[in-house]
Every structure is written in C-alpha cells, then in structure tokens.
Amino acid sequence: MSAQLDSYLDTLNPVQRAAVTNTKGPVLVVAGPGSGKTRVLTFRIAYLIEQGAAPWEILALTFTNKSAREMKERIGKVVGERAGGVWAGTFHSIFARILRVEARHIGYPSDFTIYDTDDAKSLIGSIIKEMNLDKDIYSANAILQRISSAKSNLITPARYAQNAELMQQDKAARMPLVYKIYETYTARCKKAGAMDFDDLLYRLFELLQNQSEVLDKYRAKFRYLMVDEFQDTNYLQYAILRKLCHYDGSERNICVVGDDAQSIYAFRGATIQNILDFESDFKNFGIQVFKLEQNYRSTSHIVQAANEVITYNRRQIQKRIWSDKGEGQRIRLLKTMTDNEEGNRVADTIVEQKNRDHLRNSDIAILYRTNAQSRVFEEYLRRYNIAYKVFGGMSFYQRKEVKDLIAYLRLVVNPNDEEAMRRVINYPRRGIGDGALDKLAGLANQTGKSIWEIIPEAPVPARTRNSLDEFATIIREAQSRQQQANAYEIADFMARRSGLLQLINADTSIEGMGRQENFNALLDAIKSFVEEDSVMDAGSVPDKSLASYLQNIALLTDFDESEDETKDRVSLMSVHSAKGLEFKSIFLVGLEEKLFPSFMSMDSPDGLDEERRLFYVAITRAEQLLTLSYANARYRFGKMTYNPPSRFLEEIPAHLIDSPVGARSTGMTRPVDTGAAAPRPVSESGSRVSGAFPTRRAAAPAFQMDPKDFKPSPSDQIAAGQRVLHLKFGEGKVTSIDGGADNRVATIVFKLSDPPEKKIMLKFAKLQILE
DNA sequence: AGGGCGCGATTTTTT
DNA sequence: ATCGCGCCCT
C-alpha cells in the first residue's frame, strides 16, 4: 500500500476506516450530517485501487454532477491518474453512457437525444391536443408525474392499463386516458430518437432485463458498486443496482452510503424503503452496517437540536449524532412582525455577525422553504450593501435563448427530434404557422414518420413549401459540415444561418441585452468545450463533435460556479439546494406553519415527516451559528397571511435556544411574548384578534431612518456615556454597561421610544456611535 | 400571425 | 404579486 494512502487512512476515525477497508460483500454506511461521508466514499475507492482492483471495475454513482466531479477530483488526489478510469458519475450520465454503447439492442440511435422536463411536458401537451382532451383536466405536469412515477416503479404502459389502482386513481382525477397518453408518449419518444430522464434509467433496466449477454457483460465488468445518497434513490434505481450485483455467484461488492434522516426527495419518487430493503435483501450475504455518528461540522448545541427534532419522526434508523466541537453558541430566534421586518432583522444580524464573529459573506447562508421568499432578503442585503448570490431559479440551460440555439443544434444531430423541431421550425418566424405545423404533425402520425421525414413530401401551399424547403436547407447545410467542423464551428454557423443571432441582437431592451449575454455565453461555452481537453473518462479520445457536445450538456443543469467561488457573497437558497453544503452561519427563515412545514405537505404524516427531515437538513448545515426566524404576518399570494410559528420550533429543546430578543425592534411597549412554542390566535381575515397582533400601525417603530445611512459600530467599542444611534429606536444615551465578555448589556435612554429606557444585549447590538 | 389582456394557479428539484 | 397560458381581437 502506498504511504500516501496509509497516511490518509490515519486521518479516519475507527468506524470510517472500517467502512473504507471492508471492501468485500455488501456494506451499508449510515452517514449522519457532517460525518465525513464523502471522505469515506473516496478513500474506499482509492483503497480498492490500491488493493489491486482495476479502476474500470469500479462503478460509483451519485445524484448530482457536482458531487460526481468532487468525488473524481478527490479520488485523483489519492491515486492520481488512475482515478480517470473509475466509472464515477451521476446515475443518469453513467447510464446514458452505457445506453449509447448498447443503443442498437433497444432500437435507438447511439446519439439519441435526451429530453429535458420541458421537452417532455411539451410532448405530452401535443399528445393531449391531438387526442382532443381537455387540457384543464389533463394537465401536462400531472401526467408527466404519473408517467415518471410509473417508470420509476417499473410499470410499462401495458401494465399501467391493467393496474386497477392506477386506473382508479386516474378515473377519480377525471383523467381515465392517462394510460393511453403514456403509451403514445413512449412511442413518440422512440420515434423521435429521444429519451427523457426517467428513460435513461428505465431503458437501461429493460436492456439488462431482456439482453442477457449485455447483463453478463456489465455484471462481469463492474465488480465494485458504490452509491452515494442512497436515501434518494427510487425503486427503479435500486432495481438496476440489484440486477448488477445481486445474483447467484456474485461477490455482491456493493457499498451504499446514505442517511435516512436526510431523505428529502420522496416527492419525486425517492424512498427510504430502499435503505430498509437493502438490509434485508443482503442479510444472508454478510451485510455489514457502519454508522458514522460523529459530526465534524457543527457545535454540539446544533447537533443536539437536530437529534431532538428528528425523534419526532415515526420511523428512522436509530443513531445518535454527536460532536466534540464544544457547545458553541445557542440557537438564536428572531421573532418579527412582518416578512419585511424579517428581512431587515436578518440583514442586520448579518452585519452584526460579520463584525462580532469576523465572518465573511461567504460564511453565511440564508435558507428558506420556497424560492419566492428570497425577494425581501435581497432587498435588505442590497440596502445594507452586502454582496449576495441567489441560487436556484432558472438555470442557464433553461433560458429560452439558450434552448433555441440548442434546439437547432439538436436537429442537426438528430432531425427526428420532435421537440426541437416544434420549437424552432418557425422561430425565427418564417411563415410556418400553427396550421402548417398541425398538418405536418398529423401526416407524421398517420405515416409513422417524423416531422422531418414528412417535410419533403407534405402537400402544402406554395408559400409554406418555400419556407419548409428553406428551413430544411438550413439544417442540411449544418449537417453536411458535421464531418469536418467541430461543435463551435457548427454552432457559430447555425446562430447566424438560423437568424437567431440577428433576432437577438435586434432587441435592445434591458432584458434583450441579458438574452444577448446568455446567447454569447452559450457560444463561449461551446468554444471552451472545443478548446479544452479535460476528458476524464478513461480511454475516450477527445471528441469535439457537435454530437459529443450535446451529449455532454444534456445532463447538465448549470454552469460551473467557479466564477462565483472567488467572490465573497452571502448565499441565498432553498433548503433543498443547501443539502450537502455547510456554512459557518445559517439563517433559517420563514418558520411558520403552512410555510415550513409547507401547506402542501402538512396534511399527511408522510409529508410532515419529510418536512421535518428538511428542517433537519437545514439546521445541520450550520457549523457555528444558527439563527431561526419567523414573522407573524407575511404577504403571500398577494395578500397578508397570518400563521403561527412553525411546530418545528417547539421541537427544539428550550435550553438550546437563546432567550428571545422578541419585540426588540418593533418599538412595541408590550413585548410579544407568547414564546416560540405557544401557537397564537390566528386571524385569517386580517382583522385583529384581541391582543394577539398589534395592527401594522401600532407596530410601526417610533423612529425611522434609512438603513443605508446607518453604519453600526463594532459592539466592543460601545461604552457608557456615549451618544448612540439605533436603527429603530433612534438617538439615545448609554447610561451603563453590565455583564461581561460575551454578554454585555447596555442600558440606553432613547429620546423617542416609550419607555425611553431599554436594555440591549451588545452582542446583538446595532448601534452607531455618534461621537 | 401577432399582440394584448384577463384569468388562474401558486413547494421543494436533479437528471 | 407574479407569471404563464390561452383566447380573442386586430
């Protein structure tokens, strides 16, 4: 064994090391948050290679490109170039890679197109229209979900139609023909030479099921399987894994790593059942279970809170996460009157933490349940001049201008791609209207041909004929260049020849400029794909063709964040997006009933458990500081709503939470002191329930100033006798300072507040020294 | 064919 | 509030 790996192994704790070095037979690693899961996974792969396994015998599956990339990099650091040979990637990308090799077995071209969710929905929309169904009842979204879930449970269209329960559900939803749409959808994808995301899994399963030589080939090839985030796998994914390693004569070298408490994707088919099944499926084959319970991320107050909260869930794998990082600060709770004030208080507290704890912006994240909540925080961070970045929202590859050009490129590689065809056949406008398109589509369906194949022979008016021929010429011109031209050359040609570039450059509005930027960024990205030679997969010759580019990006959702990593910004993101990340300081906001837990999930016990796991994920992102907040009132869907504090707040033991600093900034004479736990009277109408809510007027602070003009001084400089300015209370005089070190309390007499004398914890202080 | 207006819905997200 | 979609009018 290399000295290097030896020294790496020395950095592991005994359980981690056992999980790394027990390489034979089935292994389940239950990995709590911050328990060094990724290290275990990567060292395990490195260890296997050191022990003589060939890199290409190792299959390591993840969910996101990011974690796949990270894993490859880290393996590379231990075993060097050999890391390139490991089959490490996302489920979808690895399976797509196999499917391209084996495509002929299932009647697909090897450069099949991958439909993203938009393509899939749009195809379903077309089918609904063709079948003359009411699209208000048959929603493309709902149907895609039905189809997706059917595939994830290995239900073919034929079996769907025979499944009484599914048919009954469809009937109840007044959509009895979903099975028919599913059938048509499948046929149309195949005709278009396209697979949706689920197909990448489903078709691989089919392939392994039906072609025993292919199955044998991959069974022999992948002697070692490794799966990250196993709690997020669905039935289909586990079925494929079992096919690959669970059979007579198999060594069953499979290692899955996951945390049932962090399963937050049940809504899209993930099932904890897989973890539970894994144990029983491999019970008789020497399964070993390792629990990584030491948390290296967070201080123990945070870990204790997480442990306690999760006990409220009904089922879970028993474990006790612990930390030796010391107790740390207690969890802070911000109670505010409105969502607006919440934004203000959070921004304010960020300033405080930056001063007091010497945090950088990039040490801090604001997490929320729904993306719509980001707005108010953006507003206040801007006011306070704090750099931030909002994650989530529309990704680069979902932008219209980007998808338009890519659609042209997709047609060059696969002109049967129906969704790409529909997208751009008349964009930019070239006189092929809905009527003409319907006719083409109708003919295509009758003859079993694709729209592309029907174009030359369709009987259409002369003007339309001209337009169609012109369009087909554009595609063919690009196709004829494919042999000698690389991806960038074709894209550049197509951008002009299609008229997209001219169209986009003609738009000089603000949004138009943004679109130009995106369009150019896409061209730049294609250029760098052509220029850089960073192909990590073993044995593959750098392939700069357009087909290769499209395969590369089909499974990408965004650009690398490398540009932003260098910038020092506060991160704003949904709790879901925060999974796997960590920050010194976390602000978890909007902790109100119906928001977190979401009203969509809170009615079912399963839904509620998932919300609680989400809460668990959120609080375990914090290394040192955790601040929770809620607002009594917030604008939602255009009107003011009033909800009691989240039940999850009650589930955190009180001694872990800092005594509330409640109405500090509301300017109220009577503090709102219902405590985090006590639900308060709710008034849905917005009229006052006696004493429960001050009206907006009453809540208005006695003093107001523009936060932009407010520059808080470091709290350790505050001393008795000073004149100070407070953002809400205005000008005041410090009469005395009590308490020591971390807990200094200033008594200040404010000119404008009632009562004038207030005691303010300096560690929370937002005071500007005036002299 | 294209623009504009009105209505309705509205978590979370990777691939 | 906001966004997307669909329908209707020009």
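Chain A is the first sequence line, chain B the second, and so forth, proteins listed ahead of strands; every chain is numbered from 1. The basis for the numbers below is simple: all heavy atoms, side chains too, and nothing from hydrogens, waters or symmetry mates.
- Dashed line: the shortest gap from a side-chain N or O of N65(A) to OP1 or OP2 of dT14(B) is not under 4.0 Å.
- Following rounding to the nearest Å, M600(A) (CE) and dA9(B) (P) show an atom-to-atom distance of 12 Å.
- Not less than 6.0 angstrom separates the ring centroid of F391(A) from the ring centroid of H576(A).
- Proximity of N371(A) to the phosphate of dT12(B): a side-chain N or O atom is located under 4.0 Å from OP1 or OP2.
- An OP1 or OP2 oxygen of dT13(B) is reached within less than 4.0 angstrom by a side-chain nitrogen or oxygen of S574(A).
- In this model, no donor atom of one side chain and acceptor atom of the other lie less than 3.5 Å apart for S467(A) and T464(A).
- Using modelled atom types, one finds a donor on one side chain and an acceptor on the other under 3.5 Å when comparing Q373(A) with T370(A).
- Looking at the side chain of S577(A), the nearest of the listed nucleotides dT13(B), dT15(B), dT12(B) is dT13(B).
- The residue F267(A) sits close to a base: some heavy atom pair falls under 4.0 Å.
- dT10(B) atom P lies 12 Å from atom CZ of R636(A), rounded to whole Å.
- In this structure, F197(A) and G435(A) both approach DNA chain B, and ranking their closest nucleotides by distance from the 5' end singles out G435(A).
- Within the 6.0 Å centre-distance limit, the rings of Y238(A) and F230(A) are counted as a close aromatic pair.
- dT15(B) has no base stacking with the ring of F91(A) when judged by centroids under 5.5 angstrom apart and an interplanar angle below 30°.
- Donor-acceptor pairing under 3.5 Å, judged by distance alone, is absent between the side chain of T90(A) and the base of dT14(B).
- For the pair K151(A) NZ and dT15(B) P, the interatomic distance rounds to 18 Å; values are reported in whole Å.
- Counted by atom type alone, R268(A) and Q145(A) present zero donor-acceptor pairs between their side chains at under 3.5 Å.
- Going from atom CZ of R430(A) over to atom P of dA1(B) covers 12 Å, rounded to whole Å.
- Rounded to whole Å, atom C1' of dT14(B) lies 12 Å from atom CG of D116(A).
- Across all strands, G431(A) comes closer than 4.0 Å only to sugar-phosphate atoms, never to a base (heavy-atom distances).
- Residue F396(A) contributes atom CZ, which lies 17 Å from atom P of dT14(B) at whole-angstrom precision.
- Atoms CD (E229(A)) and C1' (dT15(B)) sit 14 Å apart, rounded to a whole Å.
- Set against dT11(B), dT13(B), dT15(B), the side chain of S598(A) has dT11(B) as its closest nucleotide.
- Both H576(A) and I432(A) lie close to DNA chain B; mapped to their nearest nucleotides by heavy-atom distance, the more 5′-ward contact belongs to I432(A).
- For H92(A), whose side chain is taken as the heavy atoms from C-beta onward, the closest listed nucleotide among dT11(B), dT15(B), dT13(B) is dT15(B).
- In summary, the side chains of D228(A) and T62(A) do not present any donor paired with an acceptor at a separation below 3.5 Å, with no hydrogens or angles considered.
- Rounded to an integer number of Å, the gap from R268(A) CZ to dT12(B) C1' is 9 Å.
- Comparing dT15(B), dA1(C), dT13(B) against the side chain of F637(A) picks out dA1(C) as the nearest.
- Comparing atom distances between the S601(A) side chain and each of dT13(B), dT11(B), dT15(B) picks out dT11(B) as nearest.
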